[in-house]
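This report concerns only the one structure given below.
Values in this document were obtained by computation on a predicted structure and should not be read as measured data. The basis for the numbers below is simple: all heavy atoms, side chains too, and nothing from hydrogens, waters or symmetry mates. Lettering of chains follows the sequences in order, A, B, ..., and the numbering in each one begins at 1.
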Amino acid sequence: MHNIKDIRKNLDSFAKLLLKRNVKVAIDKIVQLDKENRNLIQKKELLEKEKKDISKSKDEKLFKKSKDISIEIEKISSDLSLIKNELDDILSSLPNLPLADVPEGKDESSNVEIKKYGKIKNFDFKPKSHFELGNNLNMLDFELATKTTGSRFVFVKNHLALLERALSNFMIDTHINKNNYLEVSPPLIANENTMFGTGQLPKFENDQFEIVSDDKNDRKFLIPTAEVILTNMVKDKILDVKDLPLRFVASTPCFRKEAGSYGKDTKGMIRQHQFYKVELVSIVEPNSCSEELERMTDCATNILDQLKLPYRKVLLSSGDMGFSAEKTYDLEVWIPSENKYREISSCSSCGSFQARRMKARYKNLKKEINFVGTLNGSGLAVGRTLIAVLENYQLSDGTIEVPEALKPYMNNVEKIGKN
RNA sequence: GGAGAGAUGGCUGAGCGGUUGAAAGCACCGGUCUUGAAAACCGGCAAAGGGGCAACUCUUUCCUGGGUUCGAAUCCCAGUCUCUCCGCCA
């Protein structure tokens with residue numbers, strides 16, 4: 001959510017920066033609504049003052065007049081709320097502004113590769129895809145999931161289920177022990193206001209799984225990412241600067257409809273309606289967002305380093321960023337069967353964009369109140385990490401080596417194979 | 001699911017029709033005292049929005065939404081949430 005005061009001050013740069021994100025704003029409309037809004041506020045306040053004075057005077061002769069004023073105030077109020085709603089609707093559907101160092105571009109083709117890491121293994125056989133491997137091991141069952149649930153779900157069984165759990169635990173342990181995150185086990189369901197706070201609503205309602213409820217005024221959604229619920233932990237709060245930064249980590253299932261991606265990655269578990277993800281969220285002073293973004297991204301890359309998976313770090317272009325982000329790094333892991341890198345983590349700074357939507361503020365040492373900065377990143381997407389481990393650690397006989405870093409979590413299983 | 005109680009500022013908690021944005025305490029900030037600190041004493045301390053270059057000023061807000069009244073934190077109605085007891089249950 002953008003601050004109307006800031007927009008007022010920087011009309012041109014505001015429109016220009018949104019254009020960088022391929023969004024055309026009706027800037028004239030915003031200006032006009034803002035003007036009307038303030039105009040009506042002034043009118044209303046004047047009347048309220050008059051009314052207040054009358055009641056203070058306790059002068060019975062003026063009581064009739066006070067009643068008339070009430071009627072007038074009511075009229076103005078209803079106009080006011082119409083205008084205000086229209087303005088808010090526009091403002092709440094505009095994405096965050098990109099930072100200056102974000103490359104300009106329409107889509108992912110303008111993303112900038114920062115660096116490649118790790119060593120891509122040279123297989124002396126044709127590496128199999130994760131779904132072939134999983135299917136042969138009888139540990140990934142897509143057909144069964146289709147039968148019980150529908151497309152884009154999967155049963156993970158036996159040692160791969162263990163591996164999935166091991167990955168999750170390994171990641172969380174790393175983040176709480178080495179990176180100073182606080183572990184959280186949050187609700188997996190969020191209400192409408194919470195979804196608005198992080199920017200999933202109102203614009204991306206169709207991507208969400210909504211829970212059927214009798215009460216239309218109490219809408220509930222399965223979280224599409226723990227970012228939603230973790231970031232909203234500071235909703236409506238005024239924090240003390242001494243409490244910052246706050247860093248939360250959670251491993252949760254994520255639920256997404258992925259509308260619009262049908263036909264893409266239909267095979268395997270790259271793109272599922274449900275998947276596990278270890279999520280990192282930081283609440284910081286707004287001026288340390290950029291610094292925290294580097295730190296958070298390092299926390300995520302550290303997991304890939306420890307798992308010895310080859311990956312690259314990519315700076316997203318303005319056209320490829322998510323709605324709430326001002327700057328995003330993607331981490332892409334090497335997928336041998338596809339002979340390319342695929343997204344496994346996305347770390348974003350949102351500046352104060354989400355904080356304004358959530359009304360999450362803090363008090364600095366001078367006791368000034370300001371909105372906090374929020375960041376979120378995957379550390380990492382567990383489902384996709386499972387894929388990466390399967391494919392990168394496969395042997396010619398279709399068995400899977402367990403990465404060194406995961407061994408403490410694998411109940412002495414060192415190699416995953418049929419037995 | 002049944003029966004009660006409650007929701008007030010960062011927290012605890014008074015107020016139950018008229019200068020109450022709201023007592024008191026805690027926390028916090030400033031000052032006096034002190035070699036320094038503590039204690040004690042004195043003073044300050046809500047947020048959002050509007051107007052103003054500014055000093056400042058106005059409006060709104062005592063869970064939410066309606067209603068009564070010239071006037072509501074206070075009365076009425078509906079809803080939400082919390083707590084206690086009982087039942088049920090992983």
Side-chain angles (χ1 to χ4, degrees), chain A residues 1-10 30-92 185-197 201 210-211 213-221 229 232-246 252-253 283 285-286 352-372:
Chain A
M1 186 86 147
H2 296 287
N3 186 347
I4 185 69
K5 281 185 189 166
D6 293 343
I7 297 176
R8 216 182 282 151
K9 268 188 259 167
N10 314 295
I30 292 176
V31 171
Q32 179 215 332
L33 287 170
D34 178 41
K35 242 183 218 162
E36 280 180 60
N37 181 243
R38 284 188 290 161
N39 193 271
L40 288 172
I41 287 172
Q42 285 175 45
K43 272 194 195 165
K44 187 177 166 212
E45 288 187 355
L46 219 63
L47 291 169
E48 279 167 343
K49 170 99 173 94
E50 200 177 340
K51 193 175 154 189
K52 212 172 175 179
D53 288 341
I54 291 176
S55 88
K56 265 188 191 164
S57 75
K58 299 183 197 170
D59 182 349
E60 285 183 42
K61 289 189 296 268
L62 294 171
F63 287 176
K64 167 83 173 67
K65 181 159 190 208
S66 177
K67 271 198 155 175
D68 294 342
I69 293 174
S70 296
I71 292 167
E72 209 171 329
I73 288 178
E74 209 164 301
K75 229 188 321 185
I76 293 178
S77 296
S78 75
D79 288 352
L80 190 61
S81 76
L82 282 176
I83 301 272
K84 187 75 168 66
N85 284 342
E86 197 178 345
L87 185 59
D88 284 347
D89 283 351
I90 294 175
L91 293 182
S92 62
S185 175
L188 306 178
I189 292 173
N191 64 26
E192 194 174 4
N193 189 257
T194 295
M195 296 287 279
F196 176 85
L201 294 181
E210 181 170 2
I211 294 173
S213 148
D214 302 333
D215 187 353
K216 278 267 189 304
N217 295 316
D218 185 28
R219 302 177 69 190
K220 301 238 194 288
F221 300 83
I229 203 86
N232 274 282
M233 283 170 73
V234 295
K235 167 177 146 75
D236 292 322
K237 274 199 178 170
I238 299 180
L239 301 157
D240 195 304
V241 68
K242 289 175 206 148
D243 301 330
L244 301 179
L246 293 172
T252 70
I283 311 295
E285 286 193 83
S352 293
F353 185 83
Q354 293 179 323
R356 274 191 293 271
R357 297 172 83 97
M358 295 187 299
K359 295 187 176 62
R361 295 163 292 175
Y362 77 105
K363 211 176 258 191
N364 67 18
L365 290 173
K366 288 185 202 154
K367 297 196 153 201
E368 294 161 337
I369 288 175
N370 208 341
F371 291 103
V372 297

In whole Å, what is the span from the [atom1] atom of [X] to the [atom2] atom of [N]?
| X | N | atom1 | atom2 | value |
| --- | --- | --- | --- | --- |
| Asp88(A) | G49(B) | CG | C1' | 13 Å |
| Lys35(A) | G49(B) | NZ | C1' | 19 Å |
| Leu239(A) | C28(B) | CG | P | 18 Å |
| Lys359(A) | A48(B) | NZ | P | 11 Å |
| Arg8(A) | G50(B) | CZ | C1' | 9 Å |
| Asn191(A) | C81(B) | CG | P | 11 Å |
| Lys84(A) | G50(B) | NZ | C1' | 12 Å |
| Ile41(A) | A48(B) | CD1 | C1' | 11 Å |

Just call it for Lys5(A): base, sugar-phosphate, or nothing, with non-hydrogen atoms closer than 4.0 Å on any strand.
sugar-phosphate
What does the B/S/- profile of nucleotides 53-73 of chain B look like, 5' to 3', with a 4.0 Å heavy-atom cutoff to protein?
-----BBS---------BS--
[X] versus [Y], closest heavy-atom pair with distance:
| X | Y | value |
| --- | --- | --- |
| Ile229(A) | Ile189(A) | CD1-O, 3.8 Å |
| Lys359(A) | Phe371(A) | CA-CE2, 4.1 Å |
| Ser78(A) | Ser81(A) | O-OG, 3.2 Å |

Please state whether the phosphate of A47(B), meaning OP1 or OP2, lies under 4.0 angstrom from any side-chain nitrogen or oxygen of Arg361(A).
no
Rounding to the closest angstrom, what is the interatomic distance between [N] and [M] at atom [atom1]?
| N | M | atom1 | value |
| --- | --- | --- | --- |
| G87(B) | A3(B) | C1' | 11 Å |
| A38(B) | A27(B) | P | 12 Å |
| G31(B) | G18(B) | P | 41 Å |
| C83(B) | G17(B) | P | 30 Å |
| A40(B) | A48(B) | P | 33 Å |
| C62(B) | A72(B) | C1' | 11 Å |
| C16(B) | C11(B) | P | 23 Å |
| G49(B) | G10(B) | P | 15 Å |

Is it true that a side-chain atom of Asp34(A) and a backbone atom of Ile30(A) form a donor plus acceptor pair closer than 3.5 Å?
no
N/O donor-acceptor pair under 3.5 Å between Asn37(A) side chain and Leu33(A) backbone:
no
Comparing Gln42(A) and Ile369(A) on RNA chain B - which has the more 5′ nearest nucleotide
Ile369(A)
Salt bridge present between Glu50(A) and Lys65(A) (N-O < 4.0 angstrom):
yes
Strand partner of [N], provided both Watson-Crick or wobble distances fall under 3.5 Å:
| N | value |
| --- | --- |
| C41(B) | G31(B) |
| C83(B) | G4(B) |
| C16(B) | none |
| A23(B) | none |

Any donor-acceptor pair under 3.5 Å linking the side-chain atoms of Ser70(A) with those of Lys51(A)?
yes
Residue from Leu201(A), Ile211(A), Asn191(A) passing side-chain contact (heavy atoms from CB on, under 4.5 Å) with Phe221(A):
Leu201(A)
